[in-house]
Protein chains: 2
Amino acid sequence: MAGDRLGNLLERLGSLLHATQRGAAGAHGLQRVHLDVLGYLLRCNRYSDTPTAVGEYLGLTKGTVSQSLRVLEARGLLTREPDVHDGRVVRLRLTRRGRGTATRERDHAWERLRRGTPAQQRATLELGLERLLRALQAATGYRTFGLCRSCRFLRRREGGFQCGLTGDALSAPETGKICREHEAA
Amino acid sequence: MAGDRLGNLLERLGSLLHATQRGAAGAHGLQRVHLDVLGYLLRCNRYSDTPTAVGEYLGLTKGTVSQSLRVLEARGLLTREPDVHDGRVVRLRLTRRGRGTATRERDHAWERLRRGTPAQQRATLELGLERLLRALQAATGYRTFGLCRSCRFLRRREGGFQCGLTGDALSAPETGKICREHEAA
DNA sequence: CAGATTAGTATCGACCCGATACTTTTATTT
DNA sequence: AAATAAAAGTATCGGGTCGATACTAATCTG
């Protein structure tokens, strides 16, 4: 009885955020998904700034992503450059304008949420949501897209960090970004 | 620093659920929104089974709702009948088939979530989400769409309940449904 | 070196969604 | 009581999403 309360809450919250985001995007003459893409690029590390990663993160197909990227490029919000090492791969980079709108919208969204949750309750809520998210990701087989910092491949080195998968050196701020290759510790 | 963690979690969870629902709907040859509509009609009371209410609940415009309802009616999942007392309003009713698919999908969705959250943690998570939802609804001015049971208009009567707004008698199970006119106590 | 895999684009069709215009019914005002 | 406003829906159009399919090009595997 009423066992689907969690589901209803999430659905309801989803609809509400959905509508709000649609409004915010519309003010820029953009689509909701476009802001999602910009937000992702703002938070992802250098291994994860490709069309495929965007699609996996947002749950879209390659075709859909390709189309949306074309729009964003046409509006001067990001650039597409072929990767140096792998000719198949495209690297996405936010332009100054793109970074600006992404940052601004992120802050607005965050402000809306901050007003909705007292600080002491927020921590527990975040913990619960994180657990739920991990469990769902495990169940569906999707990538976790966690922060580099929490990855089992991360190694500490003198004066910094290192990715155990690629061998690259990593700066401290970079370990706070989203990585496509992330695997929970 | 990392103050937008809650926002990121919700966004991420949203994308994941979004993709999952899209898959579930696709299996029925339907759109994600269509299942949302069926789910709402399964849970709403008799004051809230109209196109306008659906739109407010899901954050869609009248036009979009009207179109989606046409699809659902054409597939025999619901019926549209003019209201007896007010010639402008249309009453939506799930058909047997509609009720069937709605119930089935609701159970599947719930099952997916249940596997993701241990029972003792679920209660706190639900509480936190509920608070967040109410705060956001208050901030955006949207209707709360709470359960009749928690409404300030509800009155207890000998052998049942009564809605203080319409004066109608209410059965016990009916007080567990969503009401468009709901106002928190 | 021949397949198999991977990253991405192109195109098509169904559909969403907002905007606008419209109809019909009910409320409100004068 | 008549005139006006407001509310509930529908119809239609256009831009855009999204999945499916087909395709190209680059890289990996054997």
Side-chain angles (χ1 to χ4, degrees), chain A residues 14-15 18-38 47-75 77-92 143 180-181, chain B residues 14-15 18-37 47-75 78-92 143 180-181:
Chain A
S15 293
H18 218 263
T20 310
Q21 289 168 355
R22 198 157 43 212
H28 289 271
L30 292 174
Q31 230 59 28
R32 198 186 54 83
V33 196
H34 294 156
L35 286 187
D36 287 346
V37 172
L38 295 182
Y47 305 128
S48 316
D49 60 347
T50 70
T52 301
V54 170
E56 286 173 345
Y57 188 79
L58 296 178
L60 307 175
T61 60
K62 298 190 294 182
T64 302
V65 171
S66 187
Q67 233 170 344
S68 293
L69 292 177
R70 223 176 39 189
V71 173
L72 289 171
E73 188 181 25
R75 308 236 178 157
L77 296 170
L78 56 79
T79 60
R80 301 200 264 190
E81 307 169 13
D83 185 275
V84 187
H85 305 302
D86 189 332
R88 297 170 299 181
V89 175
V90 166
R91 294 285 162 194
L92 305 170
R143 289 173 190 270
R180 187 190 166 198
E181 309 292 346
Chain B
S15 294
H18 218 262
T20 310
Q21 289 169 356
R22 199 154 44 210
H28 289 271
L30 292 174
Q31 228 61 26
R32 196 185 56 81
V33 196
H34 295 155
L35 286 188
D36 286 348
V37 173
Y47 304 127
S48 317
D49 59 347
T50 72
T52 300
V54 170
E56 286 173 345
Y57 189 80
L58 297 178
L60 308 176
T61 60
K62 296 191 296 181
T64 302
V65 171
S66 186
Q67 230 171 344
S68 293
L69 292 177
R70 225 177 39 189
V71 174
L72 289 171
E73 188 181 27
R75 308 237 179 157
L78 57 79
T79 60
R80 299 200 265 190
E81 307 170 12
D83 184 277
V84 187
H85 305 303
D86 188 334
R88 296 172 300 181
V89 334
V90 167
R91 295 285 162 193
L92 305 170
R143 289 173 189 271
R180 187 190 167 198
E181 309 293 346

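In what follows, every chain begins at residue 1, and chains take the letters A, B, ... in the order their sequences are listed.
When the C1' atom of C/dC15 is taken as reference, atom CG of B/Leu35 falls 15 Å away, rounded to whole Å. In this structure, A/Lys62 atom NZ and C/dT11 atom P are separated by 16 Å, rounded to whole Å. Following rounding to the nearest Å, B/Leu60 (CG) and C/dG18 (P) show an atom-to-atom distance of 6 Å. For A/His85 and C/dA7, the NE2 to C1' distance is 16 Å, given to the nearest whole Å. Here the C1' atom of nucleotide C/dG8 and the CG atom of A/Asp49 are 15 Å apart, to the nearest Å.
Along DNA chain D, the nucleotide nearest A/Val84 and the nucleotide nearest A/Arg75 are compared for position; the residue whose nucleotide lies closer to the 5' end is A/Arg75. When the nearest nucleotides of DNA chain D are assigned to A/Ser68 and B/Thr50 by heavy-atom distance, the more 5′-ward of the two goes with B/Thr50.
Tested against A/Val37, the residues A/Leu72, A/Leu92, A/Val71 include a single side-chain contact (heavy atoms from CB on, under 4.5 Å) partner, A/Leu72.
The side chain of B/His34 lies closest to C/dC16 when the candidates are C/dT9, C/dT24, C/dC16.
Between the side chains of A/His18 and B/His18, a donor-acceptor pair is found at a separation under 3.5 Å.
The residue B/His18 sits apart from the nucleic acid: no heavy atom pair falls under 4.0 Å. Within the nucleic acid shown, A/Asp83 has no heavy atom closer than 4.0 Å to any nucleic acid atom. Nucleic acid contact class of B/Arg80 (heavy atoms, under 4.0 Å, all strands): sugar-phosphate only.
Interatomic distance, A/Gln67 CD to A/Leu60 CG, rounded to the nearest 0.5 Å: 11.0 Å. Here CZ of A/Arg32 is found 10.5 Å from OG of A/Ser68. Values are rounded to the nearest 0.5 Å. Going from atom NE2 of B/His34 over to atom CG of B/Leu69 covers 8.5 Å, rounded to the nearest 0.5 Å.
For DNA chain D, the outermost nucleotides in 5' to 3' order that have an atom under 4.0 Å from a heavy atom of chain A are D/dG16 to D/dT27.
Side-chain atoms of A/Arg180 never come within 3.5 Å of backbone atoms of A/Thr50 as a donor-acceptor pair (strictly under, hydrogens ignored).
Residues of residues 21-33 of chain B that place a heavy atom closer than 4.0 Å to DNA chain D, in numerical order, are B/Arg22.
An OP1 or OP2 oxygen of C/dG18 is reached within less than 4.0 angstrom by a side-chain nitrogen or oxygen of B/Thr64.
Residue pairs meeting the salt bridge (charged side-chain N to carboxylate O under 4.0 Å, His left out) criterion with at least one member in residues 63-73 of chain A, sequence neighbours excluded: A/Glu73-A/Arg80.
Residue-to-nucleotide contacts include a donor-acceptor pair under 3.5 Å from the side chain of A/Arg88 to the base of C/dT6.
A 4.5 Å side-chain heavy-atom check between A/Lys62 and A/Pro51 finds every atom pair outside the cut-off. A heavy-atom distance below 4.5 Å is found between the side chains of A/Leu30 and A/Leu77.
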